**Student:** 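Structure incoming, see below.
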Amino acid sequence: NIRSISSDFVLDLKYATTDNFLKEKVYECADCYLRINTAKALHNANQDFQKLGFRIKLLDCYRPLDIQKKMWQILPGTHYVANPKKGSKHNRGAAVDLTLVDSNGNELNMGTPFDFFGKEAHHTYYNHPKEVLENRKLLKETLEKHNFKSIYSEWWHYEYRPEIKSPVSNFKWKCE
């Protein structure tokens, strides 16, 4: 649980709400679980952001394989949802979906909302205002310094490189 590492993250786990592309709540509670080394690296990145007046807002963390299967049924055969036969980096506790917030808790403008499935969410889409491009650059460069890798189609998705080969899991946690 990321809270055992630090309370300095903002948590807004979208799949514990109906505010997601599924339009339904699929997590029982809004806890963020990750592999310990992924969580520590994320904490270190968050400390860098805090020096600049920002904090990481976590939108998704570890995802049980059962949830991956449900997502695949809704959006199969795309690069936006990993095939559950192989599993996703989220199912390994090695991926996070996130954004940045300022000192007042306001999200920085990243050009699209989380889970926007269009070219405007791609890292290679440059037809955004300068502010958006700078915010995305800050997010990406800082996370890369801590060994997180982005994927081209989602500005919010980052994978901790040392854990991407970890086993797929269907671990479910109890809400506190």
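What you see is a predicted model, and the numbers here were worked out from it, not measured in a lab. Values below: all heavy atoms of this structure, side chains included; hydrogens, waters and symmetry mates excluded.
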**Student:** Ignoring hydrogens and geometry, is there a side-chain-to-backbone donor-acceptor pair from Q68 to A82 under 3.5 Å?
**Tutor:** yes
**Student:** Determine the sole option in H157, H122, H123 for which the ring pair (Phe, Tyr, Trp, His ring centres under 6.0 Å) test with Y152 is passed.
**Tutor:** H122
**Student:** Taking N109's backbone N and O only, do any of them form a donor-acceptor pair with N135's side chain (distance below 3.5 Å, no angle check)?
**Tutor:** yes
**Student:** Please say yes or no: joined through hydrophobic side-chain contacts below 4.5 Å, possibly via intermediate residues, are F148 and L52 part of one cluster?
**Tutor:** yes
**Student:** Testing the basics here: between K86 and V168, what is the closest heavy-atom pair and its distance to 0.1 Å?
**Tutor:** O-CG2, 3.7 Å
**Student:** Indicate the atoms forming the closest heavy-atom contact of H128 with E120, along with that distance.
**Tutor:** NE2-O, 2.9 Å
**Student:** Nearest 0.5 Å, what's the CG-CG distance between L75 and L22?
**Tutor:** 9.0 Å
**Student:** Tell me every residue that passes salt bridge (charged side-chain N to carboxylate O under 4.0 Å, His left out) with D12, counting only those two or more places apart in sequence or in another chain.
**Tutor:** K14, K57
**Student:** Is there a path of hydrophobic side-chain contacts, each under 4.5 Å between heavy atoms of I/L/V/M/F/W/Y residues, joining F116 to Y125?
**Tutor:** no
**Student:** Report yes or no: does Y160 contribute a side-chain atom to a donor-acceptor pair with the main-chain N or O of R35 at less than 3.5 Å?
**Tutor:** no
**Student:** Please tell me whether I151 and M110 are part of a single hydrophobic cluster in this structure, the criterion being side-chain heavy atoms less than 4.5 Å apart.
**Tutor:** no
**Student:** Is V81 reachable from Y27 through a run of I, L, V, M, F, W or Y residues, each pair having side-chain heavy atoms under 4.5 Å apart?
**Tutor:** yes
**Student:** Where the side chain of N147 meets the backbone of A41, is there a donor-acceptor pair that is under 3.5 Å apart?
**Tutor:** no
**Student:** Do other residues, nucleotides or ligands put more than 12 heavy atoms under 6.0 Å from K137 NZ?
**Tutor:** no
**Student:** Under the side-chain contact (heavy atoms from CB on, under 4.5 Å) test against L98, which residue among N46, D60, L42 passes?
**Tutor:** L42
**Student:** Check the orientation of F117 and F21. Use parallel for under 30°, tilted for 30 to 60°, and perpendicular for over 60°.
**Tutor:** perpendicular
**Student:** Please find the pair of heavy atoms, one from V101 and one from L108, that lie closest to each other, and give the distance.
**Tutor:** C-CD1, 3.7 Å
**Student:** State which residues pass side chain to side chain donor-acceptor pair (under 3.5 Å) with Q47; sequence neighbours excluded, sorted by chain then number.
**Tutor:** H43
**Student:** To the nearest 0.5 Å, what is the distance between CG on L58 and CG on D97?
**Tutor:** 9.5 Å
**Student:** Do you know which two heavy atoms are closest between A30 and L11, and how far apart they sit?
**Tutor:** O-CD1, 4.0 Å
**Student:** What's the shortest heavy-atom distance between W155 and F114, and which atoms?
**Tutor:** CZ2-N, 4.1 Å
**Student:** Taking the side chain from R92 and the backbone from K165, do they hold a donor-acceptor pair closer than 3.5 Å?
**Tutor:** no
**Student:** Hey, what do you get for OG1 (T142) to OH (Y158), rounding to the nearest 0.5 Å?
**Tutor:** 9.0 Å
**Student:** Of the non-hydrogen atoms in R63 and S88, which two are nearest, and what is the gap between them?
**Tutor:** NH1-OG, 4.0 Å
**Student:** For the pair N170 (side chain) and L65 (backbone), establish whether a donor and an acceptor sit closer than 3.5 Å, ignoring hydrogens and angles.
**Tutor:** yes
**Student:** Crowded around E28 CD? As in, over 12 foreign heavy atoms under 6.0 Å?
**Tutor:** no
**Student:** Which distance, rounded to the nearest 0.5 Å, do you find between the CD1 of I2 and the CD1 of I36?
**Tutor:** 8.0 Å
**Student:** Verify the cluster assignment for L133 and F49: are they in a single hydrophobic cluster under the rule of side-chain heavy atoms below 4.5 Å apart?
**Tutor:** no
